[in-house]
Student: 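Before I ask anything, let me first share the structure, which is written out below as structure tokens.
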Amino acid sequence: MKRVIIFALWVLFVSACTEFESLDGPCTVFLKETDEFGNQLSYVIDQDVRRNKKTGVFTYRELLEDGRTRLWSIMREAEPDDEGVYRYFSKSQEGGVKEVDFVQCGDVFYLLPEEDDED
């Protein structure tokens, strides 16, 4: 019986680990915002970037000037807008929120409208 419980816990652990993929950075997060010249704002993430394969949620850490880190996640709104399009937001553990257009990691693009059917 003890072996069955250990095996079951091992299977749960392995399945949980395969649910996430570590992305080789850097990844560029393109925001919906533009600057005063009309250029799309973006930022680069390169530390501890992970994506949940099942939900599509990204998590990553931002290194702050004082040496601390801030945890961020990029997730989809629960419901689509009136046109059936989902919006994505980058949120920090301290409450910062930015609307995301898409994420690019190398040659791979995430959160594009066509991708909704694949997730």
Side-chain angles (χ1 to χ4, degrees):
M1 183 67 174
K2 192 176 190 180
R3 288 183 181 178
V4 171
I5 293 173
I6 291 173
F7 179 73
L9 290 173
W10 181 79
V11 168
L12 285 173
F13 176 76
V14 169
S15 66
C17 289
T18 59
E19 204 172 292
F20 292 92
E21 63 179 319
S22 291
L23 301 174
D24 294 328
C27 295
T28 304
V29 178
F30 292 88
L31 303 176
K32 292 280 187 176
E33 296 177 60
T34 58
D35 64 13
E36 63 271 12
F37 303 108
N39 298 315
Q40 185 174 26
L41 296 178
S42 64
Y43 60 92
V44 175
I45 52 177
D46 60 358
Q47 293 191 350
D48 198 22
V49 182
R50 298 179 187 178
R51 180 176 176 264
N52 184 308
K53 294 177 187 178
K54 189 174 185 178
T55 64
V57 172
F58 286 81
T59 58
Y60 59 94
R61 296 193 178 277
E62 173 187 19
L63 181 61
L64 303 174
E65 291 179 6
D66 62 4
R68 296 180 303 125
T69 60
R70 179 182 300 146
L71 183 63
W72 286 80
S73 63
I74 299 174
M75 61 186 63
R76 183 173 81 174
E77 269 191 337
E79 299 292 325
D81 63 15
D82 294 339
E83 298 168 5
V85 177
Y86 285 96
R87 293 173 37 188
Y88 294 88
F89 292 93
S90 179
K91 299 178 181 183
S92 79
Q93 68 191 54
E94 296 177 1
V97 177
K98 301 174 183 179
E99 188 172 0
V100 174
D101 192 13
F102 64 93
V103 177
Q104 180 182 3
C105 299
D107 294 335
V108 181
F109 292 84
Y110 297 94
L111 310 181
L112 296 174
E114 304 84 43
E115 190 177 318
D116 288 343
D117 296 334
E118 295 174 12
D119 283 346

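From a predicted model like this one, the values you see are computed outputs, not experimental measurements.
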Student: Can you list every pair that meets disulfide (SG to SG under 2.5 Å) and has a residue in residues 33-110, with sequence neighbours left out?
Tutor: C27-C105

Student: Taking Q40 for the side chain and L31 for the main chain, is one N or O donor matched with an acceptor at less than 3.5 Å?
Tutor: yes

Student: Could you measure the distance from the CZ atom of R68 to the CD atom of E62? Nearest 0.5 Å is fine.
Tutor: 10.0 Å

Student: Out of curiosity, L41 CG to K32 NZ, how far, rounded to the nearest 0.5 Å?
Tutor: 13.0 Å

Student: Hydrophobic side-chain clustering at under 4.5 Å (ILVMFWY, transitive links): who's grouped with L71? Put none if nobody.
Tutor: none

Student: Determine whether V108 and L111 fall in the same hydrophobic cluster, where Ile, Leu, Val, Met, Phe, Trp and Tyr are linked whenever their side-chain heavy atoms lie under 4.5 Å apart.
Tutor: yes

Student: Should the pair R50 and F20 be classed as cation-pi, given the thresholds of under 6.0 Å to the six-membered ring centre and 45° from the axis?
Tutor: no

Student: Return the CG to OG1 distance between N52 and T59, rounded to the nearest 0.5 Å.
Tutor: 8.5 Å

Student: Taking everything shown except E36 itself, do over 12 heavy atoms lie less than 6.0 Å from its CD?
Tutor: yes

Student: Hey, what do you get for OG (S42) to CD (E33), rounding to the nearest 0.5 Å?
Tutor: 11.0 Å

Student: Can you tell me how far apart CG (D101) and CG (L112) are? Round to the nearest 0.5 Å.
Tutor: 8.0 Å

Student: Checking R87 now: which residues fulfil side chain to side chain donor-acceptor pair (under 3.5 Å) with it, not counting sequence neighbours?
Tutor: E99

Student: Which label fits Y43 and Y60: parallel for a plane angle under 30°, tilted from 30 to 60°, or perpendicular past 60°?
Tutor: tilted

Student: When you look at CG of D66, are more than 12 heavy atoms from neighbouring residues, nucleotides or ligands closer to it than 6.0 Å?
Tutor: yes

Student: Taking the side chain as C-beta and beyond, is there a heavy-atom pair between R70 and L64 under 4.5 Å?
Tutor: yes

Student: Do V57 and F89 sit in one hydrophobic cluster, given that two such residues count as connected whenever their side-chain heavy atoms are within less than 4.5 Å of each other, even indirectly?
Tutor: no

Student: Which of parallel (below 30°), tilted (30 to 60°) and perpendicular (above 60°) describes Y110 and F58?
Tutor: perpendicular

Student: To the closest 0.5 Å, what do you measure between CH2 (W72) and OG (S92)?
Tutor: 4.5 Å

